[in-house]
Amino acid sequence: MNRETFDLALNEVNQDIVELGSKTIQVLEKTKVALTNLDENLAKQIYSDDDYIDAKEIEISDKCISIIIKEQPIARDLRFLITALKISSDFERICDHSAQITKLTRKLLKHNAGILPDSIDEMFTITLDMVKRIVKSYATNDVEIAMGVYDDDDQLDKAYKSMVKWIKGKIENNVDKLDEYLDYLFISKYFERIGDRTNSIAKWIIYKEKGNIRHYYNVKD
Amino acid sequence: MDGKTKIKAENLNLYYDGNKQALKDINLDLKEKEVTALIGPSGCGKSTFLKTINRMNDLIPNCKIEGKVIFDEKDIYGDNIDIINLRKKIGMVFQKPNPFKMSIYDNIAYGPRIHGIKKKSTLDEIVEVSLRNSYIWDEVKDRLKTNALSLSGGQQQRLCIARALAVDPEVVLMDEPTSALDPISTLKIEDLISKLKKDYTIIIVTHNMQQGARISDKTAFFLNGEVIEYDLTENIFMNPQNPKTEEYITGRFG
Amino acid sequence: MNTKIKDGILLALVYLAAIITIASLFGILGYILWNGLGALSFNFFIDLAPSIVTTMIVIGVSILFAVPVGIFAAIYLNEYSKNRKIVELINFAIDSLAGIPSILYGLFGLVFFVITLNFNWSILSGSLTLAIMILPVIIRVTQESLKMVPISFREGSFALGASKVMTLGKIVIPSASRGIITAVILSIGRIVGETAAVFLTVGTVNKMPSGVFSSGRTLSVHLYLLVKEAIGPDAFNEAFGTATLLIIIILVIVLFTQLIFRGRK
Ligand SMILES: Nc1ncnc2c1ncn2[C@@H]1O[C@H](COP(=O)(O)OP(=O)(O)OP(=O)(O)O)[C@@H](O)[C@H]1O
Ligand SMILES: [Mg+2]
């Protein structure tokens, strides 16, 4: 086995993942700007970024599979590749969710040209922060950060719950705006999902570095 | 690590030519009816360790052994050990298939015969059962009288396994049993090992990581005559604790 | 181009050597048979019967002594002796013995067996002398063939719990048997062809032997006397006849030995 070729290939996948991560951050940031500024062009960009990321994820999967076939990796190498497969799909889903959030928010803003509730803004901030930290954790192999992100998911869950409560209250008084509030519900649901995905990435980074997922899980649950 | 201990090495040291240390303070606890793989770079002492278990090292002049190898609760280097009986209970399969220059039947019957079985019908039965258990019966049943050397390499190796099984051992030691074989024969032998494991304790030296991962329950990593890591195979191959193990199994050694 | 020429020359030399060997072998054989076959007749056999019988007994007794001793000596040297120095010393002695001219063995036999042990000129004295003479060949060839038996065979046998004796008897020696046969055949050749040593220990009496203590005249000695003393007008014809007979006997013995050993496997 030629380790040099192998290491080069692994390195390439590593860089691809980091790129995918930064791209995801960009998409989330664009989403935020697009929404606050109601920027049509930026919204369109987000959709095309999503396509790019879909393609990137498939490319990474192909590379990983080809390395697995050729090199039959074990130990750290195998964990690295499994992690790459898992988290590239997580990033891809995060971008999907961003696109969906964009779509819903544009619809909302078009209809009532109102201002987004603060709690949505808060969820946005938490999510963006989590994603940024997780990308950093991956790029620097820093498990501590990943563990922190894993714990922060609770915060997001809390925000989501209070959002649901807020929406419930609103619906009771404004049944005519049911559609609007349902959209808020969906948006916050998507944030919650992005949180779950980030969480999953954190898990796999821990696995990659520590070789054991259950270990950490058991402590948590 | 549960299960009954079958073989246990305790502070085992081995020196060739009086002073060349080939095994350093080996402590290993091998369980009954498990497959243990021994891995490690060339010259690290895997074969040497294997040969201490059935005392094949006795054949080597100036080979000094310290410490204990406990087999079924008795130190095989202690007093009153019947080596012939020990080797009957601990069979061995070598790297290169080594059938004797005699018929297939006589190869298998050789062991039982030297242990005193003379009755034709008993021998016939042993030959058939051993060949069946080694999954080679169908390939040779019509030519038991032909010379074993006319078989293919893979068949010869399965014959050698059958020959080892014919004396009804409890442990089978295998020193790179597939390194001289093609992939198909290798897979056949691996299958065979997986099937044998329900009746035998198997210790196998292998240079093929994938093979070790496929067939063994536990893996011991040897380096310079020492056991660096010994754990469930899954742990060794997914998440070794010692960086040296990791370096070796991922091929970034040295 | 250059290499091609070199190759060509080498090939020519190889062929030449082969042709010289084969031609001289068949030339001699053919010449003897051509001249000797005519002399063979029933009466000729009757006349030579004592020599034929003497030769056969000498071969048999020599082999009987030399083969077991030789094989055991070889096994000891190869499989048992631990001391390298002693083995080398013994091997040196054996090689030196193999190089001694046969007349010296004859002298030794004459002094030791014939005179000192008082066996007189007899088949026994001769056979013992010849046995000592062929011992080096048997030991050396057997040793070499024991060395040729792969270690893996021995390991395989030991690993099954076989003892050393069993491993030797059932695996090693049978695997070395081809070499041992060769040693025996070579020895028979030397015995049949030996003249000087036999002349000095068995004697020259041309009569039917009655046992191993009888004196006698082997075919080679007979042949030698025929040619040397040219007794009678037909001496040369008779000599060729005797030579033909010798060749036939050797062929028969070689075939026979091979059959025996092959049957055993
Ligand atoms: N009979 C012997 N006499 C002297 N030294 C020996 C003997 N057999 C092995 N050694 C030495 O002992 C060390 C361990 O050898 P061993 O054959 O056990 O290695 P191994 O792990 O089986 O290697 P490989 O994977 O190449 O088979 C090596 O340094 C070797 O040179
Ligand atoms: Mg070895």
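Below, chain A is the first sequence line, B the second, and so on; all start at residue 1. Note that the coordinates shown come from a computational prediction; the quantities given were computed from them, not determined experimentally.
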Problem - Matching residue for A/Tyr190 among A/Asp96, A/Thr102, A/Ile101, A/Ile94 - test: side-chain contact (heavy atoms from CB on, under 4.5 Å) - result: A/Ile101
Exercise for the section: State, yes or no, whether a side-chain contact exists between A/Val13 and A/Ile67 at a heavy-atom distance under 4.5 Å. Expected result: yes
Handout entry: Parallel, tilted or perpendicular: rings of A/Trp166 and A/Tyr181 (30°, 60°)
Key = perpendicular
Problem - Flag for B/Gln211-B/Thr178: side-chain donor and acceptor within less than 3.5 Å - result: yes
Exercise for the section: Apply the side-chain contact (heavy atoms from CB on, under 4.5 Å) test between B/Val172 and each candidate in B/Asp199, B/Ile161, B/Val35, B/Leu165; give the one that qualifies. Expected result: B/Leu165
Exercise for the section: Considering only heavy atoms, give the residues of residues 51-62 of chain A separated from chain B by less than 4.5 Å, sorted numerically, with 'none' for an empty result. Expected result: none
Exercise for the section: Kindly say whether B/Leu181 contributes a backbone atom to a donor-acceptor pair with the side chain of B/Gln157 at under 3.5 angstrom? Expected result: no
Practice task
Is it possible for you to check whether A/Lys208 lies under 6.0 Å from the centre of the six-membered ring of A/Tyr138, through NZ or CZ, and within 45° of that ring's axis?
Solution key: yes
Handout entry: Sorted by number, residues from residues 77-92 of chain A in contact with chain B (heavy atoms, under 4.5 Å)
Key = A/Asp77, A/Leu78, A/Arg79, A/Ile82
Practice task
May I ask you to check whether A/Phe191 and A/Tyr160 place their ring centres under 6.0 Å from each other?
Solution key: no
Handout entry: Partner residues of B/Ala213 under the side-chain contact (heavy atoms from CB on, under 4.5 Å) criterion, sequence neighbours left out
Key = B/Phe237
Exercise for the section: Scan residues 153-164 of chain B for pairs that pass salt bridge (charged side-chain N to carboxylate O under 4.0 Å, His left out), counting only residues two or more places apart or in two chains. Expected result: B/Glu139-B/Arg158
Problem - Contacting region of B/Met209 [heavy-atom separation from chain A under 4.5 Å] - result: side chain
